Student: 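Got a structure for you, written out below as structure tokens; questions coming shortly.
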Amino acid sequence: MPGRRRTGFWVAGFLGLAIVGVAVVVVTQRGHHANGSRSSVVIDENTPLSALGPALRDGDARALAVLQQRLTPKPDAALSPIREDEGANWVNTLDG
């Protein structure tokens, strides 16, 4: 009879681990979709800075990638000074 009890503990342990595994998958999938990853705003290289601010605040990875592309200087291009109005746009975008 002790063998049957031991088998029962093994079965209960495996079922418990399976339930925990399914719960982890369900919680992470719900959290992924709840972050607003399905945005209706199109974000690409042509998106104005004023539209990047709210997307960055919401944690949109596409907006972060576009911002990184704009901030990284091109290797062959000469650096030009930023105009006053463009600087104000950058400050507003980064300020959030």
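None of the values given here were measured: they were computed from a predicted structure.
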Student: Asp60 and Ile43: side chain to side chain contact (heavy atoms under 4.5 Å, CB included), yes or no, with the steps?
Tutor: CA-CA 9 Å; Asp60 193 344; Ile43 297 178; 3.3 Å; yes

Student: Going through the distances and angles, do Ile19 and Phe14 end up as a side chain to side chain contact (heavy atoms under 4.5 Å, CB included)?
Tutor: CA-CA 9 Å; Ile19 290 171; Phe14 282 125; over 6 Å; no

Student: Can you list the residues that meet the salt bridge (Lys or Arg N to Asp or Glu O under 4.0 Å) rule with Asp85, with sequence neighbours excluded?
Tutor: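 Testing Asp85 for salt bridge (Lys or Arg N to Asp or Glu O under 4.0 Å), a comparison that skips the adjacent residues, returns Arg83.
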
Student: Rounded to the nearest 0.5 Å, what separation is found between the CG atom of Asn92 and the CG atom of Leu49?
Tutor: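 CG of Leu49 is found 9.5 Å from CG of Asn92.
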
Student: Is it the case that the side chain of Arg70 and the backbone of Glu45 share a donor-acceptor pair, with hydrogens and angles ignored and the cut-off at 3.5 Å?
Tutor: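 Flag set: sc Arg70 to bb Glu45 pair under 3.5 Å.
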
Student: Got a list of side-chain donor-acceptor pairs under 3.5 Å for residues 72-79, not counting sequence neighbours?
Tutor:
from	atom 1	to	atom 2	distance (Å)
Thr72	OG1	Gln68	O	2.7
Thr72	OG1	Gln68	NE2	3.1

Student: Can you see which heavy atom on Thr47 is nearest to which on Asp44, and at what distance?
Tutor: OG1-N, 2.8 Å

Student: Any link between Leu52 and Leu71 through a network of hydrophobic side chains (Ile, Leu, Val, Met, Phe, Trp, Tyr) touching at under 4.5 Å?
Tutor: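 Yes; tracing contacts between hydrophobic side chains, which count when under 4.5 Å, links both residues.
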
Student: What distance separates Arg62 CZ from Leu64 CG, expressed to the nearest 0.5 Å?
Tutor: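 So the CZ of Arg62 and the CG of Leu64 are separated by 12.0 Å.
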
